[in-house]
Amino acid sequence: MPKFYLTTAIDYSNGDPHLGHALEKVGADCIARYRRLRGDDVHFLMGMDEHSQAVIQAAEENGLSPQAWVDRMAATFESYWRRLECSHDDWIRTTEPRHHRTVKALLEQIARQSPDDLFVGEYEGLYCFGCEEFKQPSQIAGGHCIEHPTLELVPTRERNHFFRLTRYRDRLLALIRSGEFRVEPAIRRNEIVRLLEDGLQDISVSRNRQSWGIPFPGDGEQTVYVWFDALINYLSATGYPDGGYDRLWPADLHVVGKGITRFHCVIWPAMLLSAGVALPREVWAHGYVQWEGAKMSKSAGTAVSLGEAIDRHGPDALRYFLLREVGFEADGNFTWERFDERYTSDLADGLGNLASRSLAMLAKYREGVVPDVPADTPLDQAGRKAVAAYAAAMDALDLRGGAEAAWTLVGTANLYIQQIAPWALAKAGKEAELDAVLAALARALYRLAVMAAPFTPGKAQLLWQSLGLRAEALGGGWPGLEQPPVTGLSTTKPEVLFPKPHTV
Ligand SMILES: [Zn+2]
């Protein structure tokens, strides 16, 4: 079984999780679930970035210690991810001892392997506390950070430890251009290539006298810069530097937002090159969730509460909508109207209706038992075509394309029922033809349960069990997609998979 080590960005411990965080997490979870279906040995990591300076302020405002505050935030975030059915295997927090240990070990390894790469210098620049980063002129618009137009940039000057990032520009360019280190999608790769071509600067990797963070090895006055610290979480979770860490490492895929590609596609691989540790194979940078074409903002009244979005039609529907409509590549829009439309057309009237009428007819005409007719119908041909298109899209991390391919089969199957009118076959006593149609519908539902599982895991599981299949067998259902083994199954009518809003 090939291993597949997959990570998401770790989130700052301030504020509640919102739809933007959710898009990243359900997208990565969709990939993790798909890889498990294909038989990979998946290790899926999520977690929290807890050393940001904003933590100190938030903790004070809430009358808590920083540790008590981040404990509370971690519990809040993870409860949302569990509600959204995220199937992560590990949950890392940068305040954990295992992470502190790896940060120290990696810095010491850099100092051993590339002694010139860490040096002491003086830094002077404009600092954004939203990004926890000194901003370059190209990252500033109208005197403010592009990512945080409402925050003031703070002029800062201090003695720091620096990392010789400039040394890695040429190697990074070569690795990215050759595809040995993949940056996807292409629009993000091109941005990174341009950034590298424009040239790099050495970066400050410590902060002076910060009480909250990881002490810089060998310097009692300095704390490891929060980004340098945070990136290392991906390695900490493997047990580095202990032997056997390479059972998981290198990461096969880092899923991150498009705003932090410089950290993941330039600084992180440079740190690893410096330490002589293998590079991750791929970084995928998704776009942002927008509200009618603009970035969501609490102050502008266009922020959607994640809890409200989950409650609207349930977690499966939100996962489906984010990945099918908003998308996992470029920026995409979220509106309640579109969410309601998609819910009705694709889920309630689409997959839900197909499942309920197919299973109702099996119950009515065959006491729920799938007839033994392995015949090749037009619906089976459409099913195999959908599976092939689905796999091609999912392998390319085109999640929207994967959902589209699966739901094309939903439409075809619903149309097939309308055109064939099985109730007319029953009335005319055409039993053999009716058997063939009912068996073909059962095979379509089998294929759909498997393909829908990464997007709508809870409902896919319900459908799978309604087909009379063992709950745990869904994970290994992929090999059955060529000729779904449904003959003789005892199906049952499921509860309504996706109730119409007015019946909720
Ligand atoms: Zn910023």
Side-chain angles (χ1 to χ4, degrees), residues 1-2 33-40 350-351 354-363 365-395 401-420 422 425 430-457 459-494 497:
M1 256 205 314
R33 288 175 179 274
Y34 171 69
R35 302 304 299 217
R36 289 195 198 102
L37 279 178
R38 299 305 303 266
D40 286 358
L351 180 58
L354 173 66
S356 88
R357 23 187 207 165
S358 303
L359 292 163
M361 287 189 288
L362 273 159
Y365 302 129
R366 296 294 178 263
E367 293 178 328
V369 179
V370 180
D372 181 9
V373 188
D376 201 31
T377 67
L379 185 56
D380 286 286
Q381 288 155 24
R384 278 194 301 275
K385 210 173 133 190
V387 168
Y390 173 89
M394 297 298 279
D395 285 344
E404 258 170 33
W407 261 261
T408 298
L409 181 58
V410 172
T412 305
N414 269 325
L415 196 63
Y416 180 76
I417 294 177
Q418 260 164 270
Q419 288 171 341
I420 301 265
L425 296 177
K430 297 181 173 170
E431 299 301 330
E433 281 178 55
L434 181 58
D435 276 347
V437 170
L438 293 174
L441 286 171
R443 288 192 292 272
L445 290 182
Y446 181 107
R447 291 185 171 109
L448 284 168
V450 174
M451 290 194 285
F455 294 90
T456 58
K459 302 296 183 174
Q461 189 73 49
L462 254 183
L463 174 56
W464 184 257
Q465 286 171 248
S466 302
L467 284 168
L469 292 153
R470 281 182 309 115
E472 63 277 15
L474 176 55
W478 187 267
L481 291 184
E482 183 59 26
Q483 184 64 24
V486 295
T487 297
L489 289 177
S490 282
T491 65
T492 46
K493 269 185 75 175
L497 285 182

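More than 12 heavy atoms of other residues, nucleotides or ligands shown are found within 6.0 angstrom of CD on Glu472.
Taking each heavy atom of Leu351 and Ala452 in turn, the nearest pair found is CD2-CB, 4.4 Å. Listed here is the closest heavy atom pair of Leu497 and Ala355: CD1-CB, 3.9 Å. The two atoms that bring Ala386 and Ala405 nearest to each other are CB-O, 3.6 Å, heavy atoms only. Looking at every heavy atom in both residues, Leu359 comes nearest to Thr492 through CD1-O, 3.8 Å. Taking each heavy atom of Leu362 and Ala442 in turn, the nearest pair found is CD1-CB, 4.5 Å. A pairwise comparison of heavy atoms in Ala439 and Val370 identifies CA-CG1, 4.1 Å as the closest pair.
Residues Leu415 and Gln419 meet the side-chain proximity criterion, which asks for heavy atoms closer than 4.5 Å. Within the 4.5 Å cutoff, side-chain heavy atoms of Val450 are placed close to those of Leu481. No side-chain heavy atom of Ser466 sits under 4.5 Å from any side-chain heavy atom of Lys493. A 4.5 Å side-chain heavy-atom check between Thr491 and Val369 finds every atom pair outside the cut-off. In this structure, the side chains of Arg366 and Leu434 come closer than 4.5 Å at one or more pairs of heavy atoms. Side chains of Leu379 and Thr412 form a contact here, defined as non-hydrogen atoms less than 4.5 Å apart. Inter-residue side-chain proximity for Leu448 and Leu354 is flagged as met; some heavy-atom pair is nearer than 4.5 Å. With contacts defined as side-chain heavy-atom distances shorter than 4.5 Å, the pair Tyr446/Leu463 does not qualify.
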Discussion item. Could you walk me through whether Leu441 and Tyr416 satisfy the side-chain contact (heavy atoms from CB on, under 4.5 Å) test, starting with their C-alpha distance in whole Å, then the side-chain angles of each, then the deciding distance to 0.1 Å, before giving a yes or no?
Written reply: CA-CA 9 Å; Leu441 286 171; Tyr416 180 76; 4.1 Å; yes
Discussion item. What verdict does the side-chain contact (heavy atoms from CB on, under 4.5 Å) test give for Met361 and Ile417, after you've listed the backbone C-alpha separation in whole Å, the side-chain angles of each residue and the deciding distance to 0.1 Å?
Written reply: CA-CA 11 Å; Met361 287 189 288; Ile417 294 177; 4.0 Å; yes
Practice prompt. Apply salt bridge (charged side-chain N to carboxylate O under 4.0 Å, His left out) to Asp376 and Arg384, showing your working.
Written response: CA-CA 11 Å; Asp376 201 31; Arg384 278 194 301 275; 3.1 Å; yes
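Of the possible polar contacts, one joining the Trp464 side chain to the Arg470 backbone as a donor-acceptor pair under 3.5 Å is found. Between the Arg35 side chain and the Asp40 main chain, no donor and acceptor come within less than 3.5 Å of each other. Put simply, the side chain of Tyr390 gets close to the backbone of Met451: a donor and an acceptor are under 3.5 Å apart. Of the possible donor and acceptor atoms, one in the side chain of Asn414 sits under 3.5 Å from a partner among the backbone N and O of Gly350.
Between the CG atom of Leu438 and the CD atom of Glu433 there is a distance of 11.5 Å, given to the nearest 0.5 Å.
Using a 4.0 Å cut-off between charged side-chain N and carboxylate O, Glu482 and Arg443 make no salt bridge. In summary, Arg447 and Asp380 engage in a salt bridge, as defined by a charged side-chain N under 4.0 Å from a carboxylate O.
Using modelled atom types and a 3.5 Å distance limit, the side chains of Asp395 and Tyr34 yield a donor-acceptor pair.
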